[in-house]
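Can you keep this structure in mind? I'll have questions shortly.
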Amino acid sequence: MRVFGAGVGRTGTLSLKAALERLGFGPCFHGRHVLDHPDRLPLWLAAAAGEPVAWETVFAGYASSVDWPGAAFWRDLLPVFPAAKVILTERDPEAWYSSVSRTIYRMFGDGPSDARVAEARRIVPGLDVFTAFHRAMIWDGFFAGRFADRDYAIAVYLEHNAAVRAAVPPERLLVMEPGAGWEPLCAFLGVAVPGEPYPHLNDPERFWARVEARMAESR
């Protein structure tokens with residue numbers, strides 16, 4: 001593991017994944033890859049329960065990681081991958097909460113009733129297992145079952161970011177906000193800036209387009 005992200009979901013992590021892979025730091029593990037390795041799901045469930053796990057096995061085959069679930073275990077990953085650099089993606093907390101509410105909380109949490117979500121859970125293989133894991137680790141774990149409480153969820157988000165900033169040595173940490181582009185990331189990683197726009201991949205509309213595509217594949 002050469003780089004891992006400590007930024008939570010909906011802070012530009014999918015775009016960062018694409019950027020890291022473009023810069024030669026891939027494959028990059030993202031939350032969407034959990035179901036690609038069903039044999040590792042027990043390890044994730046053990047981690048969510050607070051049990052020790054072999055992180056080298058969890059991330060075998062990957063050179064980097066971003067997004068949940070890895071970001072929830074950044075403290076565990078620091079000593080396991082001592083040479084890895086850490087990237088904290090942040091965005092305005094109100095915008096972050098709105099984005100999560102409209103996407104992953106509705107899809108994998110206890111958001112408002114949604115016929116599209118119900119159908120996806122019914123027809124996409126493994127989505128029921130992934131949803132149960134998501135709830136255990138993120139909604140019931142990270143947010144203590146209180147994500148619907150906007151003020152509480154935002155406070156948890158800000159506390160997480162502050163803890164990362166305080167614990168990770170400055171020379172090992174890059175804090176990125178949306179719109180930062182290639183320059184700070186490339187300077188931090190010591191690589192050349194590509195001659196192409198920085199990726200922008202995961203606005204809510206694209207999130208739901210991917211859900212629709214996965215549903216179409218499963219029908």
Side-chain angles (χ1 to χ4, degrees), residues 5-18 27-38 40-45 47-49 58 62 65-74 89-157 160-161 178 199-219:
V8 301
R10 307 306 300 173
T11 59
T13 56
L14 189 60
S15 298
L16 177 59
K17 165 184 162 62
C28 180
F29 187 92
H30 185 274
R32 61 199 306 195
H33 294 311
V34 169
L35 286 180
D36 293 344
H37 307 282
R40 303 182 195 180
L41 187 56
L43 296 175
W44 283 116
L45 293 172
V58 172
Y62 291 90
S65 170
V66 297
D67 197 69
W68 281 314
F73 301 101
W74 63 275
T89 45
E90 295 183 335
R91 65 186 295 190
D92 172 79
E94 294 288 342
W96 166 81
Y97 185 87
S98 176
S99 180
V100 174
S101 298
R102 294 164 57 196
T103 55
I104 54 177
Y105 182 60
R106 178 166 291 197
M107 186 73 227
F108 305 116
D110 295 314
S113 177
D114 188 310
R116 174 177 46 185
V117 170
E119 182 182 6
R121 291 175 180 170
R122 180 176 60 83
I123 67 173
V124 176
L127 190 58
D128 55 342
V129 176
F130 183 78
T131 298
F133 164 66
H134 225 270
R135 284 180 173 172
M137 191 204 71
I138 299 173
W139 312 118
D140 294 338
F142 194 85
F143 292 108
R146 295 180 58 187
F147 181 81
D149 181 339
R150 185 187 192 96
D151 291 342
Y152 177 84
I154 287 177
V156 170
Y157 166 74
H160 169 86
N161 292 346
H200 178 65
L201 300 179
N202 206 18
D203 53 49
E205 291 73 22
R206 293 184 184 184
F207 174 90
W208 289 111
R210 283 194 300 276
V211 171
E212 295 282 0
R214 183 62 68 90
M215 291 167 64
E217 293 173 0
S218 302
R219 288 190 179 102

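Along the sequence shown, the residues carry numbers beginning at 1. Please read these numbers as outputs of a predicted model, since none were measured by experiment.
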* Asked: Which value, rounded to the nearest 0.5 Å, describes the distance between Arg135 atom CZ and Tyr105 atom OH?
  -> 9.0 Å

* To do: For residues Cys28 and Tyr62, report the shortest heavy-atom separation together with the two atoms involved.
  =>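 That would be C-CD2, 3.7 Å.
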
* Determine whether Phe73 and Val58 make a side-chain contact, defined as any pair of heavy atoms from C-beta on separated by less than 4.5 Å. =>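 With C-beta onward as the side chain, the pair stays apart.
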
* **For Val66 against Thr13, the heavy-atom pair lying closest together** => CG2-O, 3.4 Å

* To do: Go through the structure and list residues passing salt bridge (Lys or Arg N to Asp or Glu O under 4.0 Å) with Arg122, not counting sequence neighbours.
  =>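 For Arg122, no residue satisfies salt bridge (Lys or Arg N to Asp or Glu O under 4.0 Å) once neighbours in sequence are set aside.
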
* Smallest separation among heavy atoms of Met107 and Ala120, with atom names ->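 Heavy-atom minimum between the residues: CE-CB, 3.7 Å.
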
* Quick one: closest heavy-atom pair of Ala71 and His160, and the distance? => O-CE1, 3.6 Å

* Asked: Considering only heavy atoms from C-beta outward, does the side chain of His37 approach that of Trp44 to under 4.5 Å?
  ->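 Not in contact.
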
* **Heavy-atom side-chain contact between Trp96 and Glu90 under 4.5 Å** => no

* Candidate pair Val117 and Phe108, rule side-chain contact (heavy atoms from CB on, under 4.5 Å), full reasoning -> CA-CA 9 Å; Val117 170; Phe108 305 116; over 6 Å; no

* Is any side-chain heavy atom of Ser99 less than 4.5 Å from a side-chain heavy atom of Arg91? -> yes

* Asked: So do Leu14 and Asp67 actually touch side chain to side chain, heavy atoms under 4.5 Å?
  -> no

* Asked: Do Thr103 and Arg10 have side-chain heavy atoms sitting under 4.5 Å apart?
  ->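 With C-beta onward as the side chain, the pair touches.
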
* Look only at the side chain of Ser98 and the backbone of Glu94, and say whether a donor-acceptor pair between them is shorter than 3.5 Å. => no

* Asked: With under 30° as parallel and over 60° as perpendicular, where do the rings of Phe143 and Phe147 fit, or are they tilted in between?
  ->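 Taking Phe147 first and then Phe143, their aromatic rings stand perpendicular (interplane angle over 60°).
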
* To do: Check Gly7 against Thr89 and note the closest heavy-atom contact, atom names and distance.
  =>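 Smallest interatomic distance, heavy atoms only, reads CA-OG1, 3.4 Å.
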
* Asked: Nearest heavy-atom pair of Gly70 and Ser65: which atoms, and what distance?
  ->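 So the minimum-distance heavy-atom pair works out to CA-OG, 4.4 Å.
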
* Structure fact -> The reported gap from NE2 in His33 to NZ in Lys17 (rounded to nearest 0.5 angstrom) is 3.0 Å

* Any side-chain heavy-atom pair from Ile104 and Trp68 closer than 4.5 angstrom? -> yes

* For residues Pro69 and Phe142, determine if any side-chain heavy atom of one lies less than 4.5 Å from a side-chain heavy atom of the other. => no

